[in-house]
Asker: 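One structure is given below, represented as structure tokens, and several questions about it will come after.
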Amino acid sequence: PSPTPRAVPTPLAKPRIRTQSAAPTPSPRQQTLRSQPSLKNVRPATRSPTKSPARRPQPLPAEEDIPPSPKPQLSIREQIALKRAEAKKAATKTSPAGSISGEFAGLENASPDTFNQPPPVDVDLGRWSIKETIERARSSGAINLSSRDLPCLPSALFEIHLGIKPEPLKSVPVEPPITTASSTDGLATRKKGSQNAPSWYEAQDLEILKAWSNEILELQPEISMFGSLKTVDLHNNKLTALPDSFADLTALTVVDLSHNQLTSLPTNFWALPNLTTLNLSHNALTALPFSSPFVSQGSNPLGRTHDPRGDWFAVSITRATEPLPRLTVLEVSHNRLSAASIDHSIDGPGLPALLTKVDLSENPLGKSDSLFRALGRLQRLKEINMERADVGDESFPVNVFASSSGSLFPSLKILDLEETHVTRPAIEATFTPDVLKQTVQFDITNQEPPEGILRVIVGKRVIKEAWEIEAERRTKLRRHAAATSGGSSASTSISSAAKTDANKEQWEIEAEQGLLSEGAKRRARALAAANALGEPARPSALAVSAPKTPSPTTSPSPSLTPATVASALANPQYYSASTQTLTLPPSTPPSKAAHARSFSLASPAWNKATPATGGMSDLALAIPTPTLPLSAIVAQPFAATLKVLTLANRRNDPSFSLPASPGAFLPCLEELSLENCNLADVVPVAHVGEGGDDFAPRTTEPLLPLLARLFPSVRTLDLSYNALTSAALTKDALSALILASDAPSSGDSESAVGVKKGLRQLSLRGNRLNELDGFQQIADRFRGNRDVPEWKLEELDLRDNEIGKLPPELGMLPLDVFLVDGNTFRVPPRRVWEREGTKGLLSWLRGRME
């Protein structure tokens with residue numbers, strides 16, 4: 001057979017061409033469908049301008065064979081709008097027909113409570129409703145009902161967990177509803193919660209109950225049926241009392257009832273056997289009867305309490321046989337407790353034996369010597385807090401604690417008596433090495449005290465760094481060694497100290513030599529260079545004529561001062577010949593007496609009876625009371641060579657006693673310390689004549705110009721912790737004090753004694769400065785001129801003042817150390833000087849100028 005010829009393609013096989021003309025939509029009979037699976041290709045066929053003769057209309061498929069068209073995808077906004085429209089339609093259909101409802105049917109801003117509308121649903125976003133929280137606690141064993149304005153614990157808690165309904169409380173006869181809805185339907189949520197509720201064999205006993213920051217006035221007595229409770233946190237409520245059945249919760253380990261209005265606790269509360277942490281602070285408690293369950297009539301500590309749930313649940317409740325046997329932390333601050341109301345009897349049960357921390361702050365304790373003795377017998381006690389409590393020195397009698405013989409407070413590390421009436425001498429006299437085995441320390445750091453150290457906080461809390469404490473300790477040791485040693489004994493002690501301190505670190509050596517700052521290192525290099533060149537020192541030349549250790553027997557006492565003053569000032573306790581340093585003892589104002597006119601400027605009488613002073617209280621009485629007794633100092637033989645004068649803490653009489661002859665004094669003085677002397681902007685000045693008495697009434701003079709005139713050779717001036725204000729820091733006063741001058745001052749034209757050398761270190765820490773206009777005006781000297789020969793200042797300390805703004809002009813001052821911590825300004829931020837130091841701070845200030 002011949003092969004079948006291939007069919008010739010007809011014009012129907014040509015691809016279709018879309019036309020751009022907008023043809024009318026054809027009728028359904030004229031539409032054709034392509035046999036393609038995608039529904040996107042289903043389009044109505046358009047009429048062709050040239051009708052093909054071979055194309056025939058095909059019949060349409062049945063209606064059930066046509067696949068459904070896909071629903072368009074809606075955005076979230078469109079879906080929300082659609083839901084709102086449906087809800088509005090449903091509300092319109094269900095609203096009752098009436099003239100009023102029809103009239104206001106289109107108002108969208110109408111109140112939802114008007115025209116029989118349902119009340120708004122309380123939506124509690126971000127957490128479960130109260131009922132669902134209670135149901136979920138059946139699976140976890142913990143419930144948190146905090147910050148919900150509850151007047152009492154919900155009855156649903158007892159109904160869901162215990163299957164009982166508690167009796168209504170007198171303070172809350174009607175409980176508010178606890179059903180609140182979230183974003184979903186409340187009924188659906190409850191049904192879902194009931195379906196997901198744990199089975200009876202999967203449910204857990206409630207162990208943690210937290211209901212703080214509510215309005216709870218009273219607790220149901222049925223709370224004792226939660227026998228597995230271990231943690232109860234009900235702080236910041238309005239509880240005035242606890243039910244007696246609360247003490248049946250013998251599994252409790254942590255109880256927080258702080259910030260309530262409790263006046264007492266149930267008797268058996270102090271017999272909880274497993275309680276470890278108890279916080280009762282900020283209440284109105286008047287007593288802590290620890291032994292009340294054990295000494296009251298008819299009480300039997302070994303007895304067992306019958307379970308109120310009935311005979312079927314006949315589980316006995318075992319109480320402790322001693323007060324809170326496992327309690328370690330007791331916080332009862334801010335109550336109304338006195339020392340006598342705290343049960344601490346030695347014969348009875350007394351305090352809990354395992355206490356490690358006790359907080360009795362802000363309580364009217366009164367005389368507490370017996371309480372301290374009872375606390376001292378606790379073997380594990382490590383911390384006692386009594387901040388701002390009513391406690392005085394009468395609570396630390398020496399004769400009572402002396403019989404302890406090293407057994408008092410065996411583990412104590414912190415005794416906080418901040419801002420109480422207890423003084424440091426009372427603590428030192430009581431806590432002797434015979435009473436305590438620890439070493440008493442009064443310095444405060446942020447670190448925990450090491451073993452063998454008892455940190456006692458007395459007065460105002462001042463936190464120091466570890467290196468500050470170490471530097472102060474070594475300074476005291478050096479001064480003590482210099483005061484007690486002399487001649488060959490001094491050299492022997494120095495050589496022995498050098499042998500023992502051979503393995504010191506570099507920073508320790510620099511700290512002892514005062515080389516921690518760049519300015520101190522530069523001064524040391526200049527001094528070494530001067531010694532290498534063989535330049536004679538003026539103090540050493542003058543020291544040849546002066547006796548090494550002046551005394552009233554070797555040198556005649558001048559007529560200006562009595563012999564007792566000369567012997568006191570020349571005593572090694574105050575004057576060190578090796579370092580040319582004079583340190584006068586501190587003096588405090590007289591204490592407030594019973595009568596307004598009964599006071600004495602003499603030293604306290606107990607200083608005379610102290611054997612450790614060796615009768616030095618008589619020397620302290622001989623020293624004049626003014627802060628700066630310059631008239632008595634310049635009359636001593638060592639006045640011509642004196643280099644360091646320390647007058648710290650001389651607050652008894654903040655005045656200056658000056659010689660009658662005007663001019664500059666103490667020509668070799670390099671360092672002057674007037675720290676914490678209560679000096680103001682102006683200081684009273686008394687001029688003493690040749691007879692030793694004031695020949696003229698006291699006058700007042702500005703402090704800074706007076707110091708600049710009296711001591712032109714001073715290089716280091718310490719005026720920390722006084723009462724200076726910004727009014728004293730004028731441009732003229734600072735220029736006279738800080739800047740150097742080659743010309744002698746008035747009254748010394750024929751000598752070079754009055755030539756000002758210029759300050760290198762100035763400390764104004766802890767004053768009342770709020771502005772720095774004087775320094776800003778001095779800084780204008782450096783505008784366009786970085787070299788000012790009169791400027792010698794290297795260190796400026798302005799910490800702990802009230803400075804509200806740092807002038808940008810201070811950035812032009814050539815300072816090596818600039819300390820500004822503890823002020824009120826916020827610009828520049830603290831990180832500027834903490835990260836980059838003084839140079840970064842000055843550079844930041846200069847940038848603000850530009």
Asker: How long is the gap from CD1 on I384 to NZ on K357, to the nearest 0.5 Å?
Answerer: 12.5 Å
Asker: With V462, which residues qualify under side-chain contact (heavy atoms from CB on, under 4.5 Å), at least two apart?
Answerer: none
Asker: Under a 3.5 Å distance rule, please check whether N767 uses its side chain to pair with a backbone N or O of N722 as donor and acceptor.
Answerer: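 It does hold such a pair.
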Asker: Within a strict 4.5 Å, meaning less than it, do heavy atoms of the T646 and L582 side chains meet?
Answerer: no
Asker: Judged by atom type as modelled, is there a donor-acceptor pair below 3.5 Å linking the side chain of D343 to the main-chain atoms of G350?
Answerer: no
Asker: If you round to the nearest 0.5 Å, how far is CG of L645 from OG1 of T581?
Answerer: 9.5 Å
Asker: Any donor-acceptor pair under 3.5 Å linking the side chain of N335 with the backbone of L280?
Answerer: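 Yes, N335 side chain to L280 backbone: donor-acceptor pair under 3.5 Å.
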Asker: Of all residues at least two apart in sequence or in a different chain, which pass the side chain to side chain donor-acceptor pair (under 3.5 Å) check with T583?
Answerer: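 For T583, no residue satisfies side chain to side chain donor-acceptor pair (under 3.5 Å) once neighbours in sequence are set aside.
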Asker: Closer than 3.5 angstrom, by distance alone: can the side chain of S395 be matched with the main-chain N or O of V391 as a donor-acceptor pair?
Answerer: no
Asker: If you count every heavy atom of other residues, nucleotides or ligands that lies below 6.0 Å from R474 atom CZ, does the total exceed 12?
Answerer: yes
Asker: How long is the span from the CG atom in N279 to the CG atom in L257, to the nearest 0.5 Å?
Answerer: 8.0 Å
Asker: Do T240 and T263 come close enough that some side-chain heavy atom pair is under 4.5 Å?
Answerer: no
Asker: List in chain and number order the residues that pass side chain to side chain donor-acceptor pair (under 3.5 Å) with E418, two or more places apart in sequence or in another chain; answer none if no residue qualifies.
Answerer: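 Scan of E418 (side chain to side chain donor-acceptor pair (under 3.5 Å), adjacent residues dropped) gives R461.
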Asker: Under the side chain to side chain donor-acceptor pair (under 3.5 Å) test, which residues partner N676, sequence neighbours left out?
Answerer: N649, R651
Asker: Among residues at least two apart in sequence or on other chains, which ones pass salt bridge (charged side-chain N to carboxylate O under 4.0 Å, His left out) with R835?
Answerer: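 By the salt bridge (charged side-chain N to carboxylate O under 4.0 Å, His left out) rule, R835 matches no residue at all.
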Asker: Listed by chain and number, what are the salt bridge (charged side-chain N to carboxylate O under 4.0 Å, His left out) partners of D681, not counting sequence neighbours?
Answerer: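 Checked D681 against salt bridge (charged side-chain N to carboxylate O under 4.0 Å, His left out); zero matches.
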Asker: Is K464 paired with E472 through a side-chain N to carboxylate O contact shorter than 4.0 Å?
Answerer: yes
Asker: Between T430 (side chain) and I427 (backbone), is there a donor-acceptor pair under 3.5 Å?
Answerer: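 A pair under 3.5 Å: no.
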Asker: Check whether any side-chain N or O of N363 sits under 3.5 Å from a backbone N or O of V332 as a donor-acceptor pair, and report yes or no.
Answerer: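 Pair found, side chain donor or acceptor close to backbone of V332.
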Asker: Taking side-chain contact (heavy atoms from CB on, under 4.5 Å) as the definition, give me every residue that meets it alongside R377, ordered by chain and number, with sequence neighbours left out.
Answerer: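 For R377 the side-chain contact (heavy atoms from CB on, under 4.5 Å) partners, ignoring immediate neighbours, are I346, R373.
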Asker: If you count the non-hydrogen atoms of other residues, nucleotides and ligands that lie under 6.0 Å from CD in E448, is the total more than 12?
Answerer: no
Asker: Taking the side chain as every heavy atom from C-beta outward, state whether T627 and L674 have any atom pair closer than 4.5 Å.
Answerer: yes
Asker: Before giving the answer on salt bridge (charged side-chain N to carboxylate O under 4.0 Å, His left out), spell out for E671 and R715 the whole-Å C-alpha distance, their side-chain angles and the decisive distance to 0.1 Å.
Answerer: CA-CA 6 Å; E671 182 176 347; R715 312 303 298 273; over 6 Å; no
Asker: So, S361 and N385: side-chain donor and acceptor under 3.5 Å apart, yes or no?
Answerer: no
Asker: Kindly compute the distance separating CZ (F409) from CD (Q379), expressed to the nearest 0.5 Å.
Answerer: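 It is 11.5 Å, given to the nearest 0.5 Å.
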Asker: Does any part of the side chain of L703, heavy atoms only, come nearer than 4.5 Å to the side chain of L724, both counted from C-beta?
Answerer: yes
Asker: Atom NZ in K382, atom OG in S411: separation rounded to 0.5 Å?
Answerer: 7.0 Å
Asker: In terms of heavy-atom contacts, does CZ of R388 have more than 12 from other residues, nucleotides or ligands at under 6.0 Å?
Answerer: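 Yes, because the 6.0 Å sphere around CZ of R388 holds more than 12 heavy atoms from other groups.
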Asker: Please check if any side-chain donor atom of D434 sits under 3.5 Å from a side-chain acceptor atom of T432, or the reverse.
Answerer: no
Asker: Give a yes-or-no answer on whether the side chains of S720 and S763 include a donor-acceptor pair shorter than 3.5 Å.
Answerer: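 Note: S720 and S763 side chains meet the donor-acceptor criterion.
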Asker: Residues two or more places apart in sequence or in another chain: which of them pass side-chain contact (heavy atoms from CB on, under 4.5 Å) with D390?
Answerer: H421
Asker: According to salt bridge (charged side-chain N to carboxylate O under 4.0 Å, His left out), who are the partners of E794, at least two apart in sequence or on a separate chain?
Answerer: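 Counting only residues at least two positions away or on another chain, E794 forms a salt bridge (charged side-chain N to carboxylate O under 4.0 Å, His left out) with R522, R523.
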Asker: Checking N283 side chain against L239 main chain: does a donor-acceptor pair fall under 3.5 Å?
Answerer: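 No: the side chain of N283 does not pair with the backbone of L239.
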Asker: Please step through salt bridge (charged side-chain N to carboxylate O under 4.0 Å, His left out) for the pair R473 and E470, ending with a clear verdict.
Answerer: CA-CA 5 Å; R473 185 186 67 84; E470 182 65 18; 2.6 Å; yes
Asker: Is the count of non-hydrogen atoms from other residues, nucleotides or ligands lying under 6.0 Å from K413 atom NZ greater than 12?
Answerer: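 Counting other residues, nucleotides and ligands, NZ of K413 exceeds 12 neighbours.
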Asker: As a quick check of understanding, evaluate salt bridge (charged side-chain N to carboxylate O under 4.0 Å, His left out) for E836 and R831, giving each step before the final call.
Answerer: CA-CA 8 Å; E836 304 178 12; R831 62 177 180 270; over 6 Å; no
Asker: So how far is it from L408 CG to Q438 CD, rounded to the nearest 0.5 Å?
Answerer: 8.5 Å
Asker: Can you list the residues that meet the ring pair (Phe, Tyr, Trp, His ring centres under 6.0 Å) rule with W212, with sequence neighbours excluded?
Answerer: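 Listed in chain order: H235.
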Asker: State whether the side chain of S726 and the backbone N or O of E771 hold a donor-acceptor pair below 3.5 Å, judged by distance alone.
Answerer: yes
Asker: Can you confirm whether more than 12 heavy atoms, excluding those of R478, are under 6.0 Å from its CZ atom?
Answerer: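 Yes - once you tally the heavy atoms of other residues, nucleotides and ligands closer than 6.0 Å, there are more than 12.
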Asker: Donor-acceptor pair, H344 side chain versus I342 backbone, under 3.5 Å?
Answerer: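 Yes.
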Asker: Restricting to side chain to side chain donor-acceptor pair (under 3.5 Å), what partner residues turn up for E428, sequence neighbours left out?
Answerer: R424
Asker: Side chains of D821 and W833: do they bring a donor and an acceptor to under 3.5 Å?
Answerer: yes
Asker: Pairing donors with acceptors under 3.5 angstrom, does anything connect the side chains of T253 and R326?
Answerer: no
Asker: Do S333 and H282 pair up side chain to side chain, a donor and an acceptor below 3.5 Å, judged on atom types alone?
Answerer: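 Absent: no donor and acceptor within the cut-off.
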Asker: Return the set of residues passing salt bridge (charged side-chain N to carboxylate O under 4.0 Å, His left out) with R765 (not counting sequence neighbours), or none when no residue passes.
Answerer: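 Checked R765 against salt bridge (charged side-chain N to carboxylate O under 4.0 Å, His left out); matches are D800.
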Asker: So does E394 pair up with K367, basic N to acidic O under 4.0 Å?
Answerer: no
Asker: Counting N and O atoms only, with roles assigned by atom type, does the side chain of D797 sit under 3.5 Å from a partner on the main chain of R799, one being a donor and the other an acceptor?
Answerer: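 Answer holds: yes.
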